Amino acid sequence: MTVRDEEELRVKFAITSKGDAKSNALMHKMRSYLKDFNLEYDEEEPEIVISVGGDGTLLYAFHRYSSRLSKTAFVGVHTGHLGFYADWVPDEIEKLVIAIAKTPYQIIEYPLIEAIIRYKSGGRETRYLALNESTVKSVDGTLVMDVEIRGQHFEIFRGDGLCLSTPSGSTAYNKALGGAIIHPSLPSIQLAEMASINNRVFRTVGSPLIMPAHHTCMLKPVNRTDFLITIDHLTLVHKDVKSIQYRVADEKIRFARYRPFPFWKRVHDSFIDG
């Protein structure tokens with residue numbers, strides 16, 4: 001983690017909004033306030049992106065600026081239910097504006113998932129980054145997938161689907177699947193099952209698996225079918241899939257912190273006493 005010096009505070013900023021009236025009003029107010037402090041609004045090359053809305057808005061902002069993660073830091077303002085990625089509430093807008101304009105900020109980095117989808121024809125492949133998770137389901141019903149870990153066969157999965165999550169995403173869909181909550185300081189990926197088929201003929205491990213950064217998880221289709229693959233909030237149908245490779249990405253998402261907000265406090269506020 002690093003701290004920006006005071007001499008560098010004239011940052012370029014951009015703001016993304018959930019799109020509802022409340023979020024849009026806050027977006028326009030913050031934009032006006034920050035420009036009053038002579039900060040430059042720049043949607044193409046921002047150093048700070050302010051997300052106004054919920055976690056879905058932050059996911060949208062992350063994917064919009066995923067090509068410049070090493071140069072952009074994110075700040076979240078939640079306007080509805082408590083957002084897991086949001087540090088600020090609407091009543092604190094003036095305080096946040098002054099912090100962005102006047103206060104050095106700390107950079108907190110969270111790990112991401114890299115997903116590489118390879119296809120049977122032409123040697124093609126597609127690469128994605130996910131902040132929360134990637135899921136795989138079969139278009140035709142039961143997913144049947146050969147699971148390899150570090151190049152070794154682990155199991156043949158049969159069930160509704162599989163979910164690969166980041167540590168910060170472990171509090172999202174992964175948690176609903178019974179997965180563990182992992183602190184983002186641990187660069188790892190988690191594999192969780194969706195309604196696996198377990199009987200005398202078919203057997204899976206039946207527990208979430210947590211893999212370190214140097215491990216790769218490879219999914220290989222057993223049957224020729226099409227797949228519904230999600231990357232955070234994006235859902236795409238992929239045909240002619242040869243394999244789907246998951247690992248901890250080299251890139252990380254960077255959050256600009258102007259005050260402490262420990263991860264376990266986020267978990268507590270989100271699920272226990274929010």
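From a predicted model like this one, the values you see are computed outputs, not experimental measurements. Quick note: residue numbers are just sequence positions, from 1.
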Salt bridge present between [X] and [Y] (N-O < 4.0 angstrom):
{"X": "Lys120", "Y": "Asp240", "value": "no"}
{"X": "Arg127", "Y": "Glu251", "value": "yes"}
{"X": "Asp87", "Y": "Arg257", "value": "yes"}
{"X": "Asp146", "Y": "Lys220", "value": "no"}
{"X": "Arg247", "Y": "Asp250", "value": "yes"}

Find the distance between [atom1] ([X]) and [atom2] ([Y]) and round it off to the nearest 0.5 Å.
{"X": "Asp232", "Y": "Leu112", "atom1": "CG", "atom2": "CG", "answer": "9.0 Å"}
{"X": "Phe261", "Y": "Arg266", "atom1": "CZ", "atom2": "CZ", "answer": "5.0 Å"}
{"X": "Ser134", "Y": "Leu164", "atom1": "OG", "atom2": "CG", "answer": "6.0 Å"}
{"X": "Ser168", "Y": "Asn132", "atom1": "OG", "atom2": "CG", "answer": "6.0 Å"}
{"X": "Thr225", "Y": "Lys137", "atom1": "OG1", "atom2": "NZ", "answer": "14.0 Å"}
{"X": "Glu133", "Y": "Leu162", "atom1": "CD", "atom2": "CG", "answer": "13.0 Å"}

Among side-chain atoms of [X] and [Y], is any donor-acceptor pair under 3.5 angstrom?
{"X": "Thr230", "Y": "Thr135", "result": "yes"}
{"X": "Ser165", "Y": "Ser170", "result": "no"}
{"X": "Tyr110", "Y": "Ser185", "result": "no"}
{"X": "Asp226", "Y": "His238", "result": "no"}
{"X": "Asn198", "Y": "Thr204", "result": "yes"}

Same hydrophobic cluster for Leu26 and Val97, using side-chain heavy-atom links shorter than 4.5 Å among ILVMFWY?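 As far as the 4.5 Å side-chain criterion goes, Val97 and Leu26 are connected within one cluster.
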Measure from NZ or CZ of Lys175 to the centre of the six-membered ring of Phe271, then state whether that distance is under 6.0 Å and the direction lies within 45° of the axis.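 Ring-cation test returns yes.
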Both conditions, 6.0 Å and 45 degrees, for the charged tip of Arg31 above the ring of Tyr41: are they met here?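 Positive - Arg31 is close enough to the ring of Tyr41 and near enough to its axis.
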Please find out if less than 6.0 Å separates the ring center of Phe255 from that of Tyr85.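 Centroid distance Phe255-Tyr85: below 6.0 Å, so yes.
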Aromatic centroids of Phe263 and His183 separated by under 6.0 Å: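 Between His183 and Phe263, the centre distance is under 6.0 Å.
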Salt bridge (Lys or Arg N to Asp or Glu O under 4.0 Å), that's the test. Do Arg254 and Glu47 meet it? Break it down for me. CA-CA 10 Å; Arg254 304 161 72 242; Glu47 295 171 78; over 6 Å; no
Non-hydrogen atoms of Asn24 and Ser17 that approach each other most closely: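 Between these two residues, the closest heavy atoms are OD1-OG, 2.7 Å.
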Verdict with supporting geometry, Lys12 and Glu44, salt bridge (Lys or Arg N to Asp or Glu O under 4.0 Å): CA-CA 10 Å; Lys12 297 178 181 179; Glu44 299 303 317; over 6 Å; no
